[in-house]
Amino acid sequence: MDTAISSSLLQSLHCSQCGQSYSPFTRQTVSVCCQMPLLASYQLNQGLNKAELLFREKSLWRYAELLPVLDPRNRVSLGEGFTPLLALPRLANTYSMRQLTLKDEGLNPTGSFKARGLSLAISKAKENGETACIVPTAGNAGVAMAAYCARAGLEAVVVMPRHTPEAFREECLAYGATVILIDGLINDCAAKVQELNRYGDYFDVSTLKEPYRLEGKKTMGYEIAEQLNWQLPDVIMYPTGGGTGLIGLWKAFQEMKELGWLSADQPLPRLVAVQAENCCPVVETFWGRQANSKQYMGRPTLANGLAVPRPIGEPLMLNVLQESGGTAIAVSEEQMLEGVRELGRHEGLFVAPEGGAIWAATKQLLHEGWLRSDEHILLLNTGSGQKYLDNLKGIWQTQEHT
Ligand SMILES: *Cc1c(COP(=O)(O)O)cnc(C)c1O
Ligand SMILES: [Zn+2]
């Protein structure tokens with residue numbers, strides 16, 4: 001069979017825990033069997049040739065066959081994806097590193113990589129005939145959902161912690177969303193969402209509680225491979241909250257192997273989960289200091305996106321870390337701010353505190369010898385600093401003297 005351009009190869013959904021399959025053609029949340037995330041699979045044996053990508057649009061929709069939207073008219077797009085992959089020669093030189101690159105997700109619509117996930121989730125919501133969406137958020141996901149809902153003509157309700165920087169709230173309002181502020185972290189917001197949605201009036205697009213945000217996030221993996229001419233980096237540093245990026249990158253690498261887009265003998269990158277000391281459930285579980293994060297208590301951090309104390313996707317994240325030979329590491333608030341300052345001053349990049357955290361963690365792992373200076377290390381900067389001004393005000397005065 002010939003595969004027409006932009007026709008999705010979506011095949012089925014299955015429970016990430018037990019494998020039971022579910023229809024990809026109706027509203028789905030978590031699996032009924034295990035209450036765990038559902039994963040989408042595709043017919044990857046259709047002879048899809050990566051050379052076909054060459055002349056396609058520079059957005060994540062260039063991978064349309066590997067995305068779940070069935071009818072292209074349901075795409076809700078603001079131009080997300082195909083963000084630049086930049087070399088960081090000045091920092092590499094200062095720290096004697098051979099190859100240091102940064103993928104700048106801050107250049108996505110609404111200023112973060114959340115645009116990828118929400119573009120897909122809202123496209124599928126539209127395809128499934130939803131009329132209203134709701135999300136608990138640490139900030140960026142809410143802004144992205146509000147924007148894509150506005151674009152799709154859907155009602156949007158965003159529930160965020162009261163301490164979230166003001167810019168996030170204002171931008172949600174700019175897109176016509178209803179914003180509800182909660183004293184607490186994202187898990188408290190999630191409880192509020194459950195209460196508001198007890199009759200199922202809204203489509204709940206919480207991280208990994210619907211199957212398609214992950215599909216949007218996985219396109220980062222496709223882009224990294226394509227932008228590096230199908231030679232993956234040795235290590236990817238990822239700021240981890242709910243973990244969709246981590247799980248999505250790994251899913252993309254597996255799919256590309258099946259497609260034959262990556263040579264079978266090419267080693268895949270080691271993936272590193274970077275968290276904030278104030279809220280580092282995955283680090284604690286990874287290092288065996290707790291059985292899982294179901295009782296973990298987190299505190300707020302300047303990297304709002306990392307304040308996810310009890311991520312539903314934790315087992316999937318731990319799998320990825322183990323399979324890829326990666327690790328998990330937490331950094332302090334001061335370390336991540338120092339990371340933000342260095343990326344700004346030496347490379348002209350104004351990154352979110354999450355981006356500062358991965359650079360801080362990179363230096364730490366180099367120091368410990370887990371990273372080698374001759375490796376290609378890719379920093380996945382997930383967001384722009386511009387919405388975090390409330391968190392970053394005044395930090396520039398603290399000059400570093402090394
Ligand atoms: C949401 C967010 C993260 C964490 O992403 P997950 O997919 O939840 O792991 C990291 N950085 C920023 C800027 C975010 O908005
Ligand atoms: Zn199951």
Side-chain angles (χ1 to χ4, degrees), residues 13-22 28 30-39 103-108 110-118 121 135-145 160 164-165 167-168 171 185-187 190 205-209 213-218 220 236-251 271-276 279-282 301-317 320-321 328 336 339-340 350-358 361 379-388 391:
L13 297 173
H14 62 272
C15 171
S16 57
Q17 184 147 313
C18 76
Q20 183 169 323
S21 49
Y22 289 84
Q28 298 287 0
V30 290
S31 69
V32 179
C33 46
C34 306
Q35 301 292 309
M36 287 298 282
L38 289 172
L39 302 176
K103 187 160 174 66
D104 196 2
E105 290 291 301
L107 293 173
N108 274 302
T110 71
S112 85
F113 76 150
K114 293 294 194 303
R116 294 180 188 266
L118 272 307
V135 76
T137 179
N140 278 316
V143 173
M145 191 195 82
M160 66 172 69
T164 310
F168 291 100
E171 193 170 339
L185 292 182
I186 192 167
N187 53 315
V205 296
S206 302
T207 298
L208 294 171
K209 291 190 179 165
R213 279 174 65 180
L214 181 64
E215 295 305 293
K217 292 270 185 90
K218 85 178 177 188
M220 295 188 295
I236 299 177
M237 305 294 294
Y238 176 75
T240 304
T244 46
L246 203 64
I247 300 161
L249 286 168
W250 197 243
K251 187 172 191 286
L271 301 189
V272 179
V274 178
Q275 299 202 294
C279 189
C280 55
V282 177
T301 159
L302 297 172
N304 300 73
L306 305 188
V308 184
R310 297 166 194 180
I312 183 177
E314 182 178 66
L316 298 172
M317 288 190 256
V320 169
L321 296 180
M336 71 175 76
V340 170
F350 185 29
V351 301
E354 290 84 342
I358 52 175
L379 309 179
L380 212 163
N381 175 48
T382 44
S384 157
Q386 295 187 29
K387 275 196 265 288
Y388 292 77
N391 290 357

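For clarity, every value in this text was computed on a predicted model and none was experimentally measured. Sequence positions, counted from 1, serve as the residue numbers for this chain. In what follows, every heavy atom counts, from backbone to side chain, and hydrogens, waters and symmetry copies are set aside. Counting starts at 1 for both ligands and their atoms, following the listed order.
- For the residue pair Thr164 and Asn304, the shortest heavy atom distance occurs at CA-ND2, 4.0 Å.
- Shortest non-hydrogen contact noted between Val274 and Met237 is CG2-CE, 3.9 Å.
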Between ligand 1 and the protein, which N/O pairs fall short of 3.5 Å?
from	atom 1	to	atom 2	distance (Å)
ligand 1	5 (O)	Tyr238	OH	3.2
ligand 1	7 (O)	Lys217	NZ	3.0
ligand 1	7 (O)	Tyr238	OH	2.9
ligand 1	7 (O)	Thr244	N	3.2
ligand 1	7 (O)	Thr244	OG1	2.5
ligand 1	8 (O)	Gly242	N	2.7
ligand 1	9 (O)	Tyr238	OH	2.9
ligand 1	9 (O)	Gly241	N	2.9
ligand 1	9 (O)	Gly242	N	3.2
ligand 1	9 (O)	Gly243	N	2.6
ligand 1	11 (N)	Thr382	OG1	2.6
ligand 1	15 (O)	Lys114	NZ	2.8
ligand 1	15 (O)	Asn140	ND2	2.9

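- Checking side-chain atoms of Thr137 against main-chain N and O of Gly142 turns up a donor-acceptor pair under 3.5 Å.
- Across all their heavy atoms, Leu321 and Ala328 have their closest contact at CD1-CB, 4.1 Å.
- The heavy-atom pair separating Met336 from Ala303 by the smallest distance is SD-CB, 3.7 Å.
- The backbone N or O of Met36 sits less than 3.5 Å from a side-chain atom of Ser31, completing a donor-acceptor pair.
- Nearby protein atoms of type N, O or S around the Zn ion (ligand 2) amount to 4 (distance under 2.8 Å).
- Side chain of Gln28 to backbone of Tyr22: no donor-acceptor contact under 3.5 angstrom is found.
- A pairwise comparison of heavy atoms in Ile186 and Pro136 identifies CD1-O, 3.8 Å as the closest pair.
- Minimum heavy-atom separation, Cys279 to Gln275: O-CB, 3.9 Å.
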